Protein chains: 2
Amino acid sequence: MTTERRMPRQADIARIAGVSQAAVSVVLGGKQTIRMAEETRARILEVAEELGYVPHPVAKRLAHSRSNLLGLYTFRTAFPTNEADIYHPILSGVEAEAASLGQDLILFTGTSGPEARQETAIRRTRMADGCLFFGRQVPEAPVARLVETGFPLVYIGRRPELGGRIPYIGADYVTASAQVLERLLSLGHRNIRYVREPDEAPSSEDRLLGVLQAAPSTQVVRLDGPDLSADAVRSWLADGVTALVVEGTDTGTAYRAVRAAVDAAGLSVPGDLSLAVLGGPPGVSGFEVPMQEMGRHAVRLLIELITDKATTPQQLLWCPPVAGREVGPPRSTE
Amino acid sequence: MTTERRMPRQADIARIAGVSQAAVSVVLGGKQTIRMAEETRARILEVAEELGYVPHPVAKRLAHSRSNLLGLYTFRTAFPTNEADIYHPILSGVEAEAASLGQDLILFTGTSGPEARQETAIRRTRMADGCLFFGRQVPEAPVARLVETGFPLVYIGRRPELGGRIPYIGADYVTASAQVLERLLSLGHRNIRYVREPDEAPSSEDRLLGVLQAAPSTQVVRLDGPDLSADAVRSWLADGVTALVVEGTDTGTAYRAVRAAVDAAGLSVPGDLSLAVLGGPPGVSGFEVPMQEMGRHAVRLLIELITDKATTPQQLLWCPPVAGREVGPPRSTE
DNA sequence: TCAAGATGCTAATACGCATTAGTCGCCGCT
DNA sequence: AGCGGCGACTAATGCGTATTAGCATCTTGA
């Protein structure tokens, strides 16, 4: 036996309190710019309380164009069944920051499907005040449309596309990578090998840049699959290599491959060989990608864009170095 | 140099195509009840495509239609930093089903904060076409309001509150628990002890009901903290107990406590003692709570409620039994 | 030839709120 | 007396869509 009565609206309050709907809006909206007799204000508040008035969020949004909703476009599922979820910390940061700023989040589904579905999902993006985009993909046409119409969006991860007009929060891989190499150099390593993932991406280029900047003589090897043979590692060692630096990514495949090969070759780390990862699992020598912080900053930047207060729409965050146990002085080759 | 053009609306399409806004709405809305010349319809669609028209979801929703947005109210953070996240599989199911039904999700933030904030968050719930609620908490007043005004909502987990008017998707703990006990009985166990969590909840009562239904002579013990002593377990064994059944919950504290105590007592499982959990970690003897399925069903039920097609607004799902390695025949006490 | 019905569309309005541009009465001042 | 100004409010409008009632115009059939 549902009562099925309507929710009270401002008009109801107005009728009972004997004022206009506008008066109700003014009082409940807490506007100080408009004067209202203390008595009337009190009466309105009283009636509102009595009726259990709750502003209708949709109407509110339609009227003043802010919904306090931020979009989340993940290009994949936001709650993957897969345990090792690299985005999780970012999302966690996003949620925390959004909560503290009073913003709710819209999760767009169908972002991982075929291109046609993806595109309709990108359109739906507009129902939020602005949208966060995750990951490496940039569907140029639809994203360009968003950017051009001034729709606030922030990518997580550096994006040079569209002539550099895409706002983003990235990590400063160049500096962080350079620092890792500098540390190796200062420990005495002179023959260092850098192992890249097969994949290309700005974050990948940035790491390489940092590596070569700090240690131009570094030899670069590109993995062509998810595996690396123990023999390959042995031959590097024979060439005098004393340290391996591995690209770290979402999937961490390169690190796993290298680690497996090194173990298979029966080498001790860092006794026989130092090993560093550029943005790897927590605790491993190299540096850490500040995931949570990226999420938080992305939300802050997005809000700035929404409120037209953005100062720097493209920011790179500092990655804290990790000493770890995988790096040590080179084995004396004498 | 942003173009800063407004998003096109129906009125823009109407002007260009030389028809009324209503005509545009009719055509784009796919209404068959209203006749429209094939030519006009084509023209409108063409213009819409050209302008890249996207319906304004908020306006759509205000105008008594659907926005294809489902709310998610978690009473805690949706992306906890904590690794062991019991809700994750549910959320994963929700997301998958929502995606396949073309629904996006709104994550309400601030749902774990102080009561006042929680209440404003519950209000915001109306932004969506309907909302999923997670967990044990039922803030009676605001939820009653939602239910009474006919706002579609579905709880995940059985909820007897509000005179049983809350729609939910739960798990059939009674049957599942009874089956576990029946198995123990059929293996020959006669002296069984049931270990409950300190906490009370419908799901907790259900399990107890099932236990006593299948094996009325079962002794019930209630934990009063997160720990259990090895001595307690030893004394049970001395009393002739051959099997322990443990309540399983979100946190899994009871199971961990019992497992620790049994190990500390130096007992082998199931050699000395059989051990079963009512809804525990995957693979452990007892039964499994179909998390993913609950998520999926909840979404389906919510959609049914939204479209007024709900047949059974309260459903309990079957929990698959898990044989596992922790249950065996009782030790011959001769 | 004219009523009845079909066809193709539009005008008007609702949804619930925020906001802007007033309106109205009254007081103080010259 | 007349004017400015202020305090306290309201009327009107917009936000972008969906829906309903209804209006021309065109076919038909008798």
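Source: prediction; values computed, not measured. Chain letters run A, B, ... following the sequence lines, proteins first, then strands; residues in each count from 1.
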Return the nearest nucleotide to the side chain of [X]; candidates are [options].
{"X": "A:His64", "options": "C:dA18, D:dT17, D:dT10", "result": "C:dA18"}
{"X": "B:Leu62", "options": "C:dC15, C:dT10, C:dC17", "result": "C:dC15"}
{"X": "B:Ser20", "options": "D:dA18, C:dT10, C:dT19", "result": "C:dT10"}
{"X": "A:Arg9", "options": "C:dT7, C:dT10, C:dC17", "result": "C:dC17"}
{"X": "A:Lys60", "options": "C:dT20, D:dA18, C:dC17", "result": "C:dC17"}

Without decimals, in angstroms, what is the distance between [X] [atom1] and [N] [atom2]?
{"X": "A:Met36", "N": "C:dA18", "atom1": "CE", "atom2": "P", "value": "13 Å"}
{"X": "A:Arg126", "N": "D:dC15", "atom1": "CZ", "atom2": "C1'", "value": "16 Å"}
{"X": "B:Leu51", "N": "D:dG16", "atom1": "CG", "atom2": "C1'", "value": "15 Å"}
{"X": "B:Glu39", "N": "C:dT7", "atom1": "CD", "atom2": "C1'", "value": "14 Å"}
{"X": "B:Lys31", "N": "D:dT19", "atom1": "NZ", "atom2": "C1'", "value": "8 Å"}
{"X": "B:Glu38", "N": "C:dG8", "atom1": "CD", "atom2": "P", "value": "10 Å"}
{"X": "B:Phe151", "N": "C:dG16", "atom1": "CZ", "atom2": "C1'", "value": "16 Å"}
{"X": "B:Asp12", "N": "D:dC15", "atom1": "CG", "atom2": "P", "value": "11 Å"}

Under 4.0 Å, heavy atoms only, any strand: does [X] hit a base, just the sugar-phosphate, or nothing?
{"X": "A:Val19", "result": "sugar-phosphate"}
{"X": "A:Ala37", "result": "sugar-phosphate"}
{"X": "A:Val24", "result": "nothing"}

*Check B:Arg124 against B:Phe108 and note the closest heavy-atom contact, atom names and distance.*
O-CE2, 3.3 Å
*Can you see which heavy atom on A:Glu140 is nearest to which on A:Leu162, and at what distance?*
OE1-CD2, 3.4 Å
_Go through it in stages, so that I can follow the logic: the residues are B:Gln137 and B:Arg76, the test is side chain to side chain donor-acceptor pair (under 3.5 Å), and I'd like the CA-CA distance, side-chain angles, deciding distance and then a yes or no._
CA-CA 11 Å; B:Gln137 299 151 74; B:Arg76 38 140 262 195; over 6 Å; no
*asked:* Assess the residue pair B:Tyr73 and B:Phe133 against the criterion (ring-ring contact (aromatic ring centres under 6.0 Å, His included)); give the C-alpha distance rounded to whole Å, side-chain angles, the decisive distance to 0.1 Å, and a yes or no.
replied: CA-CA 5 Å; B:Tyr73 196 98; B:Phe133 285 81; 5.2 Å; yes
_Any heavy-atom pair between the side chains of B:Val27 and B:Thr40 that's under 4.5 Å?_
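No, every pair of side-chain atoms sits at 4.5 Å or beyond.
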*So do A:Glu97 and A:Ser100 actually touch side chain to side chain, heavy atoms under 4.5 Å?*
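With C-beta onward as the side chain, the pair touches.
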_D:dA8 OP1/OP2 closer than 4.0 Å to side-chain N/O of A:Thr40_ = no
*Taking only the side-chain nitrogens and oxygens of B:Ser25, find out if one of them lies under 4.0 Å from OP1 or OP2 of D:dT17.*
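Checking D:dT17 against B:Ser25, no side-chain N or O comes under 4.0 Å of OP1 or OP2.
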*Starting at the 5' end of DNA chain D, which residue's closest nucleotide do you reach first, B:His56 or B:Ile34?*
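Checking each residue's closest nucleotide, the 5'-ward one belongs to B:His56.
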_Most 5' of A:Arg35 and A:Gly29 on DNA chain C, judged by nearest nucleotide_ = A:Gly29
*What about B:Gln21, does its side chain sit under 3.5 Å from the base of D:dA18 through a donor-acceptor pair?*
yes
